[in-house]
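Heads up, the thing below is written out as structure tokens.
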Amino acid sequence: MADLRSLCDRAIAEKRRIPSEPELAAHFGVSRSKLREALARLEHEGAITRKPRVGIQPNTALPRPGNRFDLQTDYLTTLAAAGYDARVQLVSADIAPASEELAERLDIEAGAPLLATRKVWFADGVPAMTAVDRMPVEPELSVADLDLATSVFRLVEQLAGEPAIWEVTHPSAAGATERVAGLLDIEVGAPCLTLRTLGVSAGGRRLFDSLEHHVPDVVDFGLVRTVVNDPRTDAEEL
């Protein structure tokens, strides 16, 4: 999927055609059905259009929204794509019993062991974001058994045996607490973009809970939304 998206991005930038489905399937060595699933996702994201007898066209008319808020990547990748020298620092890691709130969010028993990691991401040496990620672990596991330097996506796949493919995210704005302000080197109460996220597997298993605090204006976030025309709205307006 990433390679196909890169191909489409290059076609958009160079304003050239995208190869046909048979050509793409042969190029990537995948079945036509798997290719069509990936193309459907790109069409939903607004990157391409598909029409009978016309084929696959890059959506060159769509303005670039900056870093896609609706497409999740590791934040190191996001910062690097924005032109920064990016790095991440692990601040803390521990395993503790799940509170009732977290147990309900993750659909586990209250008191079950949860790994909690706190990290800070830096852009050109300046703090840009901090996040707490929590994920269920087996009772016999210890922090020393884990590669905590890896991303939450790889870590949770190692722990759960399956990847997170969806995220349910609730964005909001909040003033920095004393803890967050100290980590991000900003004033207490300074506005932060906050994201509360639940990572979900293909089978619906809840794999991790994350709370992010972003320093504003470090990354230009944008998203592409599909317009849904509801005929009831027109009727109600008449």
Side-chain angles (χ1 to χ4, degrees), residues 1-83 86 88 107 121 133 135-136 146-147 149-169 195 197-210 212 219-229:
M1 181 66 180
D3 290 339
L4 178 59
R5 182 178 285 112
S6 295
L7 185 149
C8 292
D9 285 343
R10 290 196 301 272
I12 292 171
E14 299 168 9
K15 297 185 178 180
R16 57 178 172 82
R17 80 174 189 91
I18 295 173
S20 66
E21 285 189 12
E23 291 173 309
L24 288 172
H27 176 76
F28 291 111
V30 298
S31 66
R32 293 281 293 276
S33 60
K34 187 170 183 178
L35 175 69
R36 284 170 180 161
E37 290 178 7
L39 290 172
R41 288 178 61 185
L42 289 175
E43 187 172 30
H44 180 72
E45 294 169 11
I48 62 172
T49 59
R50 294 184 296 167
K51 295 181 181 179
R53 297 185 296 278
V54 175
I56 309 165
Q57 298 292 321
N59 194 353
T60 56
L62 187 71
R64 302 290 286 178
N67 290 278
R68 291 287 294 268
F69 191 63
D70 52 326
L71 300 177
Q72 177 64 292
T73 59
D74 180 69
Y75 198 57
L76 275 179
T77 303
T78 301
L79 289 173
V88 62
D107 195 24
W121 284 255
D133 300 314
M135 57 212 81
L146 302 170
D147 178 13
T150 191
S151 72
V152 63
F153 307 111
R154 292 182 180 177
L155 183 57
V156 77
E157 186 171 0
Q158 293 170 9
L159 291 170
E162 57 182 329
I165 66 166
W166 292 306
E167 287 191 342
V168 180
T169 300
L195 303 177
T197 297
L198 192 66
V200 184
S201 74
R205 183 179 172 191
R206 300 179 182 186
L207 300 179
F208 70 87
D209 174 81
S210 177
E212 302 176 5
V219 171
D220 178 25
F221 283 113
L223 57 84
V224 176
R225 297 194 296 181
T226 301
V227 177
V228 178
N229 293 312

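Numbers here are sequence positions counted from 1.
Nearest approach of P136 to L207, heavy atoms of both residues: CD-O, 3.4 Å. Closest of all the heavy-atom pairs between R206 and D107 is CD-CB, 4.0 Å. Residues A25 and L35 approach most closely at N-CD2, 3.7 Å, considering heavy atoms. In plain terms, the two heavy atoms of A164 and F208 that are nearest each other are CB-CE2, 3.8 Å.
Annotation: side chain of D133 is not in contact with side chain of T197 (no heavy-atom distance under 4.5 Å). Side-chain contact between V88 and Y75 is absent, with no heavy atoms from C-beta onward closer than 4.5 Å.
Using a distance-only test at 3.5 Å, with no hydrogens or angles considered, no donor-acceptor pair links the side chain of T150 to the main chain of R154. Panel note: side chain E162, backbone E157; no donor-acceptor pair is recorded below 3.5 Å. With hydrogens and angles disregarded, no donor-acceptor distance shorter than 3.5 Å links the side chain of Q158 to the backbone of L155.
The CZ atom of R32 sits 13.5 Å away from atom CD of E37, with the distance rounded to the nearest 0.5 Å. Put simply, CD1 on I165 and CZ on F153 are 13.0 Å apart, with the number rounded to the nearest 0.5 Å. Separating the CG atom in L39 from the CG atom in L24 is a distance of 6.5 Å, to the nearest 0.5 Å. The structure places CD of Q57 at 12.5 Å from CZ of R50, a figure rounded to the nearest 0.5 Å.
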(message) Between E21 and I56, does the side-chain contact (heavy atoms from CB on, under 4.5 Å) criterion hold? Intermediate values first, please.
(response) CA-CA 8 Å; E21 285 189 12; I56 309 165; 4.1 Å; yes

